[in-house]
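Lettering follows sequence order; numbering is per chain, from 1.
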Number of protein chains: 2
Amino acid sequence: MIRIGIVDDKKNNRIILADKLRRNNLFDVRLEAANGEQFLQKMMELKFDERPEIVLMDLEMPIMDGIVTIATGSSLYPGVRYVVLTIFDDDDRIFNAIKAGACGYLLKEESGEIIADILVNLWKNGAGPISPSIAYKILQMIQNPPTAKLPLAGQKSENLFQLSEREKEILRFLCQGLEYKEIALKLSISANTVKKHVINIYDKLHVNNKGHALHIAYTKNLL
Amino acid sequence: MIRIGIVDDKKNNRIILADKLRRNNLFDVRLEAANGEQFLQKMMELKFDERPEIVLMDLEMPIMDGIVTIATGSSLYPGVRYVVLTIFDDDDRIFNAIKAGACGYLLKEESGEIIADILVNLWKNGAGPISPSIAYKILQMIQNPPTAKLPLAGQKSENLFQLSEREKEILRFLCQGLEYKEIALKLSISANTVKKHVINIYDKLHVNNKGHALHIAYTKNLL
DNA sequence: TCATCAATAATCCATTTGGATAGTTTTTTT
DNA sequence: AAAAAAACTATCCAAATGGATTATTGATGA
């Protein structure tokens, strides 16, 4: 049985999709969430071997959207595969989802059987499921890099987490191993303020300690 | 009828593929070539509306290989679609073929029916045909840009700090943002022991806090 | 003008971490 | 078998971190 998670703000979508998958005896839909925050919350409560192996993620959601959720989730739980399942196919969304760590991108148009097939294939072979039209767009992105968005030389990624300039500055210092006091000294502000910024950064990254934050910073190229 | 070209140095391959496609009444295989030079020569001799709309291109060929041929051909005849059809799936070939202007990349493993389906789809919808495992590799290329790899630096740096296996293990957890307690749980040892290991790691790395340690771990590739 | 937001600063409190020190057990090497 | 190294456990204490809350300032925008 492949453990599946479904994240979609429309309850009906979740039910239909879960039904489709459950009809196939290979899938065990055991996590449903209406937005990213709820998803991360539920992941936290699960033990390692109870967590879904594949998570189907809608992109347009209130509170915490799919891309930020994938970015955070793929750092926190690297063993989990995230597959975007959405009706949108614009370049920015595709690109950001991939950068965030999605290993597949399916359009909701695809039929239930195809989705099931593709997920089984992902689980067995590790091949990323990608709708043909999406794959074509990705090719085009490589052929015509949309204004320096392709990080082919390890460039900075988009501001996924909406950090302010000051926050990025402080995150960079944090990543160098500086303590609050030292950062305060460098920036000529008080250590209390540094701490406040750090807490705000944690909020935006949806983490609650330095280790996690640095992990995301390093793996998501936030520096 | 979709006009098809086949470029492959093995005559047998051409015959088998042409047969497969001709069985389907949608295809009109009207150009065969054994290498890039021959292909370009024949293209030159054809009138505009006689040229193939889709060209299936092998990569490994004598005289003029597939990538150079695609690069040249896509400049000379932008209206023609080039689909790579090969047994090779290494990153460099894929990337170069796409950069050269290929609009699809199929592995020869795919069955004749699938190839036919995919070509029809390409012709009708413009969606690029890509084998799933290729698509996955492309994703990974975007996620992990091919950075300049240092040949021996990896191995050297692992020995540089003389970390024991256990210490490396704990450092990896630390880099994932886990706290002492959580690491202790994962390793079934006490948090005190974890702390002791961490202190020993700091000693070896000549640092005195988590930030510094993670910085070295990430930048010196200790993971 | 009023509302909002980013940056600044501070306080209180609980938890985590870093450092020193002192052991025991297990494994490896000599 | 003895010695050495690695792994494990523990306690004390000081420092750093995290979380919540409150408040001021300046810039931006409706």
Side-chain angles (χ1 to χ4, degrees), chain A residues 37 40-41 43-45 62-65 68 72 75-76 158-218 222-223, chain B residues 158-218 222-223:
Chain A
E37 211 151 277
L40 292 179
Q41 177 64 37
M43 284 293 278
M44 228 184 333
E45 292 163 2
I63 302 177
M64 188 174 175
D65 74 28
V68 174
T72 312
S75 291
L76 260 42
E158 299 305 290
N159 198 355
L160 268 185
F161 296 96
Q162 308 269 46
L163 296 182
S164 72
E165 277 311 311
R166 194 57 152 179
E167 285 162 349
K168 284 189 234 170
E169 195 178 7
I170 286 175
L171 181 56
R172 276 191 289 273
F173 283 127
L174 268 192
C175 284
Q176 287 164 32
L178 301 191
E179 294 176 352
Y180 296 169
K181 278 193 285 186
E182 300 172 302
I183 297 174
L185 208 65
K186 287 218 174 211
L187 297 179
S188 302
I189 58 180
S190 97
N192 288 315
T193 306
V194 173
K195 185 163 90 170
K196 178 62 179 157
H197 283 304
V198 171
I199 301 270
N200 288 340
I201 292 169
Y202 292 174
D203 276 351
K204 290 186 179 177
L205 300 189
H206 303 279
V207 300
N208 49 19
N209 65 55
K210 204 187 287 186
H212 269 143
L214 298 203
H215 183 233
I216 290 182
Y218 278 114
L222 260 46
L223 313 175
Chain B
E158 284 193 42
N159 297 351
L160 239 184
F161 297 99
Q162 307 272 44
L163 295 182
S164 73
E165 277 311 311
R166 193 57 151 181
E167 286 161 348
K168 284 188 229 168
E169 194 178 10
I170 285 176
L171 181 56
R172 274 190 291 273
F173 282 127
L174 222 52
C175 283
Q176 285 165 33
L178 302 190
E179 293 175 353
Y180 296 171
K181 277 195 283 187
E182 298 173 302
I183 297 174
L185 207 66
K186 288 220 173 208
L187 298 179
S188 302
I189 59 179
S190 95
N192 289 314
T193 305
V194 174
K195 187 162 92 172
K196 180 60 180 158
H197 284 304
V198 171
I199 301 271
N200 289 341
I201 292 169
Y202 291 173
D203 278 351
K204 291 185 179 177
L205 300 190
H206 304 284
V207 300
N208 50 16
N209 66 56
K210 206 187 285 187
H212 266 139
L214 297 205
H215 183 233
I216 290 181
Y218 278 113
L222 260 47
L223 312 174

Does a nitrogen or oxygen in the side chain of Thr193(B) sit under 4.0 Å from OP1 or OP2 of dA7(D)?
no
Whole angstroms only, please: what is the CD-C1' distance between Glu165(B) and dT27(C)?
15 Å
Tyr180(A) side-chain N/O to dG18(D) phosphate OP1/OP2 under 4.0 Å
yes
Would you mind classifying the nucleic acid contact of Asn208(A) as base, sugar-phosphate or nothing, using non-hydrogen atoms under 4.0 angstrom?
sugar-phosphate
Does Arg172(A) come within less than 4.0 Å of Glu169(A), counting only side-chain N to carboxylate O?
no
For Ile199(A), answer base if it contacts any base atom (sugar-phosphate contacts may also be present), sugar-phosphate if it contacts only those atoms, and nothing otherwise; contact means non-hydrogen atoms under 4.0 Å.
base
Heavy atoms, side chains only, cut-off 4.5 Å: are Val68(A) and Gln162(A) in contact?
no
Could you say whether Arg166(B) or Asn192(B) is positioned toward the 5' end of DNA chain D, judged by the nucleotide with the nearest heavy atom to each?
Arg166(B)
Flag, side chain of Lys210(A) to backbone of Gly211(B), donor-acceptor distance under 3.5 Å
no
Any donor-acceptor pair, under 3.5 Å, between the side chain of Lys210(B) and the base of dG18(C), if you only look at N and O atoms?
no
How long is the line joining NZ of Lys186(A) and P of dT8(C), in whole Å?
17 Å
Please work out if Lys196(B) contacts a base, only the sugar-phosphate, or nothing of the nucleic acid, heavy-atom cut-off 4.0 Å.
base
Just how far, in rounded Å, is P of dC8(D) from CD of Glu167(B)?
10 Å
Ignoring hydrogens and angles, tell me if any N or O in the side chain of Glu182(B) forms a donor-acceptor pair with the backbone of Glu179(B) under 3.5 Å.
yes
Whole angstrom is fine here: how far is it from CD in Glu179(B) over to P in dA16(D)?
18 Å
When you check the phosphate oxygens OP1 and OP2 of dA5(D), does a side-chain N or O of Ser164(B) lie under 4.0 Å from one of them?
no
Expressed as a whole number of angstroms, how long is the span from Lys204(B):NZ to dG18(C):P?
17 Å
Hey, does Asn209(A) reach any base, or is it just sugar-phosphate, or nothing, if we go heavy atoms under 4.0 Å?
sugar-phosphate
Starting from P on dG19(D), measure out to NE2 on His197(A) and report it in whole angstrom.
17 Å
Given dG18(C), is OP1 or OP2 found less than 4.0 Å from the side-chain N or O atoms of Tyr202(B)?
yes
Without decimals, in angstroms, what is the distance between Asn200(B) CG and dA10(D) P?
17 Å
Leu178(B) or Leu187(A): which one's nearest nucleotide on DNA chain C is closer to the 5' end?
Leu187(A)
Report yes if at least one side-chain N or O of Lys195(A) is closer than 4.0 Å to OP1 or OP2 of dG19(D); otherwise report no.
no
Would you kindly give the CD1-to-P distance between Ile170(A) and dA6(C), to the nearest whole Å?
14 Å
Glu45(A) and Gln41(A): CA distance, side-chain angles, deciding distance, side chain to side chain donor-acceptor pair (under 3.5 Å) verdict
CA-CA 7 Å; Glu45(A) 292 163 2; Gln41(A) 177 64 37; 3.0 Å; yes
